[in-house]
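Numbers restart at 1 for each chain; the letters A, B, ... are given by sequence-line order, proteins then strands.
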Amino acid sequence: MIESRTSPAESIVAFGGWILALLWVSPLLYAFWTAFHPASYAVRFDLLAPWTLENFARVWHAAPFPRYFLNTFLLVTLILCCQFVICTLAAYAFVCFPFKGSDVLFMFVLLQLMIMPEALLVENYKTVARLGLLDTVLAMGLPYLASAFGIFLFRQTFKSIPKELEEAARLEGANMFQVLLRVFVPVAKPIYIAYGLVTVSYHWNNFLWPLVVTNSVDTRPITVGLQIFATIEQGVDWSLITAATILSVSPLLVAFLLFQRQFVQSFMRAGIR
Amino acid sequence: MTGHRTMLYSALLLLPATVLLWVFTYQPIFTTILNSFYSTPRGRRPSVFVGLENYETMIADPIFWKAMTNNLIYALTTIPFSIALALAMALLVSANLRGKGLMRMAFFTPTVLPMVAVANIWLFFYAPDYGLIDKFLGLFGMGGNNILGSVETALPAVIAITVWKEAGFFMIFYLAGLQQISPTLIEASRLEGAGFWQTLWRVQIPLLMPTTLFISINAVIGAFRLVDHVVAMTKGGPDNATTLLLFYIYQNGFAFWDTAYAAALTVVLLAILAAIALFQFGYADKRVHYR
């Protein structure tokens, strides 16, 4: 970088930016501070207060957090794998095997971008109940497995792949699935990673639908578990609640802090339509 | 390849997606509309056709109107605030400032947190007497506020959380948009003597219009979808001051088990979303020129 020359105006802007940034993370920082300090310090800020992990130990014993994490992990894995497969197949069909009316069908797919499963939760609950799947991980994932957004994104990407690549593969005797797996998917790899990160963070954080379809510890994801933990009257023990909150967000937060650039780029890449 | 083969492949490839979209998007749209004309089955009493009765109840229901008004206020405040902040943030982190990476991270972090966790953290801030905000107000002799417990302040408190969470997310789209503006355009306007504000108003903001439109459509959908924090913090209270449309649907469907009424409310939500969709496809795409 060239030597930076800062004018007074730029310094003011930078200062303002830093204030805003600090203000933005302060709720999170304060929650951290509370979680790592004894309960008696929760409501009075003292820089010299002793640090402790006791809140986390108590939280870990107060609710089955390992189970909640496992459930979320299973849910996210299920959704990610199925979305990759289902959306890839659909996008491949739209790009390489168009038929009369496939454009119309694609428009119908796009409607899901507007009317997402949350809006239809009462009917979807009935459907899941009829299928006998209430209170299962599968039920939490089902409405999201065919993602219009995924189909759209993969279709866009596949469309940009030169026809010559596909034809060359065919000349070498590749069948339809080989073409998909050896030509299309490898070229679209960055999009898969971008979409994967967006999907993982979305479903790791999803709450309303899992809340509706789960009612037991064995299936509850971390968001629902956290909510149930925080609503039980703990005598409003803020240290405990903030510790539980920090604990719940830690896996995704750590991943984000480590791969910050990739996260931001993924959201950018997946977001531009 | 023959047409029949193509058709067969296509059908097989599209089968899983079509079935799932049918079962969890299209079929529920139809049954919701249908069920909104029937009564809720209770015990041994099956549901019967009641015509427009659910809708008549709805029109006479003050809580429904309260939810609609709240949702409107919620949308009309969260959207401009978060968009303006997002633009400011994007301009900040795309300027050549020291530590802009850290700044970007600070703005974006709330986006990767679940709304429920965010709500828990903010509950702590909003708590009366010992919450940070009330303590701060206490310094000026204005303490003793139950922010989430008073009708006047509960909705603004919920709105503040949404803005905090969404602004960093929208910033990303502005960042992407800003990157597509050619630096020569900015330089040209600077050379002609335009200051920072003039360049912003005359060059950057007009060129960012497609991004702004995209963000606003997302934000409107979000305003009707996001209720996690309402469930976690206020349960729609006090006195329905924070009841939003989707929360009211959830309440009717799963707390009062009045599924027929929930269906009628869902039809209203669907109508709103359909209107947004029509606006996007029909009007917005033509008005805003994409390059």
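Annotation for A:A146 and B:L21: closest pair O-CD2, 3.8 Å, computed over non-hydrogen atoms.
Only the side chain of A:L105 comes within less than 4.5 Å of a heavy atom in chain B; its backbone stays farther off. With a 4.5 Å cut-off on non-hydrogen atoms, A:A31 touches chain B through its side chain but not through its backbone. Proximity to chain B (any heavy atom under 4.5 Å) is shown, for A:L142, by both the backbone and the side chain. In this structure, the portions of A:F207 lying under 4.5 Å from any heavy atom of chain B include both its backbone and its side chain. Only the side chain of A:M176 comes within less than 4.5 Å of a heavy atom in chain B; its backbone stays farther off. In this structure, chain B has a heavy atom under 4.5 Å from the side chain of A:L253, while its backbone stays farther away.
The aromatic rings of A:Y30 and B:F125 lie tilted to each other, with the angle between the two planes from 30° to 60°. Ring geometry for B:F108 against A:F267 counts as perpendicular: the plane angle is over 60°, on a 0 to 90° scale with 30° as the lower cut. In this pair, B:W257 and A:Y125 present their aromatic rings tilted. The plane angle is within the 30 to 60° band. Ring orientation note: the planes of B:F107 and A:W24 are nearly perpendicular, at an angle over 60° on the 30°/60° scale.
Under a 3.5 Å cut-off, the side chain of A:N205 and the backbone N or O of B:V112 do form a donor-acceptor pair. A donor-acceptor pair under 3.5 Å is formed between the side chain of B:S10 and the backbone N or O of A:F97.
In terms of heavy-atom pairs under 4.5 angstrom with chain B, the leader among A:P27, A:G17, A:A93 is A:P27. Ranked by heavy-atom pairs shorter than 4.5 Å toward chain B, the options A:L211, A:V212, A:T242 are led by A:V212.
The shortest distance between side-chain heavy atoms of B:L12 and A:L89 does not fall below 4.5 Å.
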